[in-house]
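Working notes for the structure below.
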Number of protein chains: 2
Amino acid sequence: MSETKRELILDAALVLFVDRGFDGTTVPMISEKAGVGAGTIYRYFENKEALVNTLFQECVGELIETINDGYPRTSDDLREQFGHIANQVIRYAKKNLNALLFLDSHTNGHYLDEASREAYMRLRTFLCEFIERGQKNKVIRPLPADALIALMDGAFIALNKCIKAGEIEETPELLAGVKEACWDAIRIH
Amino acid sequence: MSETKRELILDAALVLFVDRGFDGTTVPMISEKAGVGAGTIYRYFENKEALVNTLFQECVGELIETINDGYPRTSDDLREQFGHIANQVIRYAKKNLNALLFLDSHTNGHYLDEASREAYMRLRTFLCEFIERGQKNKVIRPLPADALIALMDGAFIALNKCIKAGEIEETPELLAGVKEACWDAIRIH
DNA sequence: CAAAACGGAATGAATGTTCATTCCGAAATA
DNA sequence: TATTTCGGAATGAACATTCATTCCGTTTTG
């Protein structure tokens, strides 16, 4: 077996959560898509909530790891740091687009536990620190960090949804264009 | 009675849908928040899906109306048109913030019917035409309209969420700043 | 080496719960 | 009083979860 049952379950749940949401996805749907018995899910996860929280924490963890990988921490060139973050998010989306869409659409779920919220907060703090450093250096606009992050987030997520829906083709120029648009949105001119 | 039962139901449902989603909101929750009996809901709406679709269509309709109100259609100054759209969206958010958040979080719901999708498409088409006109005039970046719209959308929604959460205060300067950031994101420099 | 016994993993029918919806007596209205 | 509106208990369907049973690879026994 190339994938363990646990992985089959997580993969199936991810896809379903992305297009139907947590509350709109039933356990039988997950078990059917995963090709396992309904009871098997409970051998790996305490309940449906534990499943979504595990998934959430794993996805956030991987994204943070991806962004941190090779991050020019000591550099004081904000443009370079921005470029790294954007490139790594693109890399993450390429590897697992659904994970990115899942994170985006589940960050405010009423079913997320403390650990999930904390994991997400770590990601957010990282990004806020980047923004605030830029604001201190008068490179980034003095707007709420949340709004600036959402602006970039919104653009990338929408872009990836278009790509997923097959409406547009992913090309290096396209990605570079969105990156530039994001940078122009947050920087001071 | 200052509000009809129908309005009480719609208002209660709107709030619940915004913070729990459609599937996460039960009919008893709506009836309790509205202060009416569960059965009463079915005097005004055929079922839960009809309720969410009515709400969606009314919200989209009001938003389109708000944006159209005083739109400088004949002008060929894109910056002016952009300013109008942004101002009217801000006006809409001021009047009914939850409606804006509701629209944002329910556009892809599996429960939306044909009429809802069509209503939303009308809004989207309007915005796309604005983007494409700008691209033809070489004022707006040649990126997918969806991505550019999402970029602006993401910024405004996040900003309003911050305001709603009380994290930041809504000031004219703040709104002007976000407007400018959005414009810088989509225009060619 | 073959046969039997074992035990953890997997299953899906069974269970109790929660939900959307219905229905009918009560209350309001005319 | 007749008619309409309302409320919330009642209903049946769908759900999350459980558990007695099956399955199958491994180990023990003869």
Side-chain angles (χ1 to χ4, degrees), chain A residues 1-58 102 105-106 108-116, chain B residues 1-58 102 105-106 108-116:
Chain A
M1 197 186 334
S2 62
E3 262 186 314
T4 67
K5 299 258 175 201
R6 195 187 116 100
E7 281 162 349
L8 286 171
I9 293 164
L10 286 171
D11 289 350
L14 180 67
V15 173
L16 287 165
F17 288 158
V18 167
D19 50 63
R20 304 189 50 90
F22 174 74
D23 291 304
T25 301
T26 69
V27 173
M29 283 178 196
I30 299 170
S31 77
E32 197 200 353
K33 192 171 199 73
V36 306
T40 306
I41 290 175
Y42 291 85
R43 293 197 59 75
Y44 293 95
F45 305 97
E46 198 186 327
N47 53 35
K48 194 183 165 194
E49 288 207 359
L51 168 54
V52 78
N53 279 286
T54 299
L55 199 49
F56 190 86
Q57 287 158 43
E58 286 189 5
F102 168 70
S105 57
H106 286 70
N108 284 306
H110 56 90
Y111 36 79
L112 290 190
D113 63 18
E114 200 47 50
S116 293
Chain B
M1 194 182 348
S2 63
E3 262 185 316
T4 66
K5 300 251 176 204
R6 195 188 117 102
E7 282 162 349
L8 285 171
I9 293 164
L10 286 171
D11 289 349
L14 181 66
V15 173
L16 287 164
F17 289 158
V18 167
D19 50 61
R20 303 188 50 91
F22 173 73
D23 290 306
T25 301
T26 68
V27 173
M29 282 179 197
I30 298 171
S31 78
E32 196 200 355
K33 191 171 198 74
V36 306
T40 306
I41 290 175
Y42 291 86
R43 294 199 59 74
Y44 294 95
F45 304 96
E46 198 186 328
N47 53 36
K48 194 184 166 193
E49 287 207 359
L51 168 54
V52 78
N53 279 286
T54 299
L55 200 50
F56 190 86
Q57 287 158 41
E58 287 189 6
F102 169 70
S105 57
H106 287 70
N108 284 307
H110 55 90
Y111 36 79
L112 290 189
D113 62 19
E114 200 47 50
S116 294

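Residue numbers start from 1 in every chain, and the chains themselves are labelled A, B, ... in the order their sequence lines are given, proteins ahead of strands.
Counting non-hydrogen atoms under 4.0 angstrom, A:Phe45 reaches nothing in the nucleic acid.
Proximity of B:Thr54 to B:Arg6: side-chain heavy atoms (C-beta onward) are separated by under 4.5 Å at one or more points.
In this model, the phosphate group of C:dA9 is not approached by any side-chain N or O of A:Tyr44 to a distance below 4.0 Å at OP1 or OP2.
Here D:dT4 presents its C1' atom at 13 Å from NZ of B:Lys5, a figure rounded to the nearest Å. Regarding B:Arg43, its CZ atom lies at a distance of 17 Å from the P atom of C:dA27, rounded to whole Å. Between the CZ atom of A:Arg6 and the C1' atom of C:dA9 there is a distance of 16 Å, given to the nearest Å. Atom CD of A:Glu32 is separated from atom P of C:dA13 by 13 Å (rounded to the nearest Å). Distance, B:Ile41 CD1 to D:dG7 P: 10 Å, rounded to whole Å. As a whole-Å value, the separation of A:Leu8 CG from C:dT11 P is 10 Å. Summarising the geometry, the separation between CG on A:Leu51 and C1' on D:dA16 is reported as 12 Å, rounded to the nearest angstrom.
Considering only residues two or more places apart in sequence or on other chains, B:Glu32 meets the salt bridge (Lys or Arg N to Asp or Glu O under 4.0 Å) condition with none of them. Not a single salt bridge (Lys or Arg N to Asp or Glu O under 4.0 Å) links B:Arg43 to another residue, sequence neighbours left out. Residues satisfying the ring-ring contact (aromatic ring centres under 6.0 Å, His included) criterion with A:Phe22, sequence neighbours excluded, are A:Phe17, A:Tyr111. Residues satisfying the side chain to side chain contact (heavy atoms under 4.5 Å, CB included) criterion with B:Tyr42, sequence neighbours excluded, are B:Val27, B:Asn47.
Among residue pairs with one or both ends in residues 13-25 of chain A, those qualifying as side-chain hydrogen bond (donor to acceptor under 3.5 Å, both in side chains) are A:Asp23-A:His110; sequence neighbours excluded.
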Just the atom pairs and distances: protein N or O near nucleotides 20-26 of chain C's N or O, under 3.5 Å.
from, atom 1, to, atom 2, distance (Å)
C:dA20, OP1, B:Thr25, O, 3.4
C:dA20, OP1, B:Lys48, NZ, 2.9
C:dA20, OP2, B:Val27, N, 2.6
C:dT21, OP2, B:Tyr42, OH, 2.8
C:dT21, OP2, B:Lys48, N, 2.9
C:dT21, O5', B:Tyr42, OH, 3.4

